[in-house]
Amino acid sequence: MGFKSDYEEVLSVFHKIGPLQKVILVLSFFMSISAIASLSETIFKWKGFILDAVAAYQDYLVAPLIKYSKLIGLHYQQNEVHSAVILSTMVVLGMRLLMLGQLSAFKKISEDSGRETQPKLTYFKCMSILFPVSLWLAYGLTDSSIRLMPQVGMLLIYPVFLVGPKLIMHLFGRENSYLEKGRFSYFKTYYAYLLAIAVVIGGLGAINAGLTKIA
């Protein structure tokens, strides 16, 4: 009965949420029906998926970038590529989340004022392009000493830097600083995007590994 009720609950919610939330819901359901006794077996199965994802990332992104970028005068080390991928992903997702937050906040403003008001999103769109391009050019034209672990840590907690200033300003009486609170979740959306990216890379890696075995 427990499995049936969980399944029915997932079905009732599934069609009411966005695609990124669906990814989290399906994975959460999978974890809920994985018995504790078979946890080691589950981890073993996922290990292959993760290794395939890492191999695909290394073979089809990192290695080609290092090799072919030399043709246009850009020279990368592996750590520079990893860093550029991490920071570019973080900033692009951050700008995306800030745009969605602004849209949610201005929707509330429109509801309260009774007239349609749209935010200006040009800055976020420009930063989504300018920052990654500038970063990749800077790494390609200079020799940089990279420490990846702090950047990985930032990637994992990045929503704190997006929400923190809004919460602080809100606590100090700036009522319009966090209008999207309760209407849009930076944390859930950010981690849903990260999870979706990981699933896509892992899926491509698994497909590649399967095709390699067939060949």
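One is the number of the first residue; the rest follow in order along the sequence. Heavy atoms only: backbone and side chains are in, while hydrogens, waters and symmetry mates are out.
- In this structure, Thr189 and Leu93 have side chains that are not in contact, with every pair of non-hydrogen atoms separated by 4.5 Å or more.
- Side-chain atoms of Leu87 and Trp136, non-hydrogen and from C-beta on, never get closer than 4.5 Å to each other.
- Of the inter-residue distances, the one linking Ser83 atom OG with Gln78 atom CD reads 13.0 Å to the nearest 0.5 angstrom.
- Under a cut-off of 6.0 angstrom, the local environment of CG in Asp112 is crowded, with over 12 non-hydrogen atoms contributed by other residues, nucleotides or ligands.
- Note on Leu100 and Met90: same hydrophobic cluster, where clusters join Ile, Leu, Val, Met, Phe, Trp and Tyr whose side-chain heavy atoms are under 4.5 Å apart, directly or indirectly.
- Scanning both residues, Leu135 and Ala84, for their nearest heavy atoms gives CD2-CA, 3.7 Å.
- Within 6.0 Å of atom OH in Tyr60, 12 or fewer heavy atoms from other residues, nucleotides or ligands are found, so the atom counts as exposed in its surroundings.
- Inter-residue side-chain proximity for Val54 and Ile201 is flagged as unmet; no heavy-atom pair is nearer than 4.5 Å.
- The distance from the NZ atom of Lys166 to the CG atom of Leu171 is 13.5 Å, given to the nearest 0.5 Å.
- The aromatic rings of Tyr158 and Tyr190 sit tilted relative to each other, their planes meeting at an angle between 30° and 60°.
- If you run side chain to side chain contact (heavy atoms under 4.5 Å, CB included) between Gln151 and each of Asn79, Ile86, Val85, only Ile86 comes through.
- If you chain together hydrophobic residues whose side chains sit under 4.5 Å apart, Phe106 and Leu103 never meet in one group.
- Put simply, the side chain of Lys70 reaches to within 4.5 Å of the side chain of His75, judged on heavy atoms.
- Put simply, Leu61 and Val200 are part of two different groups of oily side chains (I, L, V, M, F, W, Y) that touch within less than 4.5 Å, one to the next.
- Inter-residue side-chain proximity for Tyr193 and Arg96 is flagged as met; some heavy-atom pair is nearer than 4.5 Å.
- To the nearest 0.5 Å, the span separating OG on Ser113 from CD on Glu111 amounts to 9.5 Å.
- The heavy-atom pair separating Ser144 from Gln77 by the smallest distance is O-OE1, 4.4 Å.
- At a threshold of 4.5 Å between side-chain heavy atoms, the hydrophobic network of Ile, Leu, Val, Met, Phe, Trp and Tyr places Tyr123 and Val92 in two separate groups.
- Distance CD/Gln102 to NZ/Lys120: 12.0 Å, rounded to 0.5 Å.
- Minimum heavy-atom separation, Gly202 to Ala53: CA-CB, 3.5 Å.
- Leu121 and Ile109 are assigned to two separate hydrophobic clusters, defined by single-linkage of ILVMFWY side chains at heavy-atom distances under 4.5 Å.
- Donor-acceptor pairing under 3.5 Å is recorded for the side chains of Glu180 and Tyr186.
- Taking both residues in full, the closest heavy atoms of Met127 and Val91 are given as O-CG1, 4.4 Å, listed atom of the first, atom of the second, then distance.
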For this session: Report the C-alpha distance between Met95 and Lys125 in whole Å, list the side-chain angles of each, state the deciding distance to 0.1 Å, and finish with yes or no for side chain to side chain contact (heavy atoms under 4.5 Å, CB included).
Result: CA-CA 7 Å; Met95 293 301 105; Lys125 293 177 181 178; over 6 Å; no
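- Between atom CG of residue Leu167 and atom CG of residue Leu162 there is a gap of 11.0 Å, rounded to the nearest 0.5 Å.
- Here the side chains of Pro159 and Tyr191 are in contact, with some heavy-atom distance below 4.5 Å.
- Taking every heavy atom of both residues into account, Asp59 and Pro64 meet most closely at O-CD, 3.2 Å.
- Under the 3.5 Å distance criterion, with hydrogens and angles disregarded, a donor-acceptor pair is assigned to the side chains of Glu116 and Gln118.
- At least one side-chain heavy atom of Ile146 sits less than 4.5 Å from a side-chain heavy atom of Tyr139.
- Using a 4.5 Å heavy-atom cutoff, the side chains of Tyr76 and Val62 are not in contact.
- Thr142 OG1 to Leu137 CG: the interatomic distance, rounded to the nearest 0.5 Å, is 10.0 Å.
- Judged purely by distance below 3.5 Å, without hydrogens or angles, the side chains of Tyr57 and His82 pair a donor atom with an acceptor atom.
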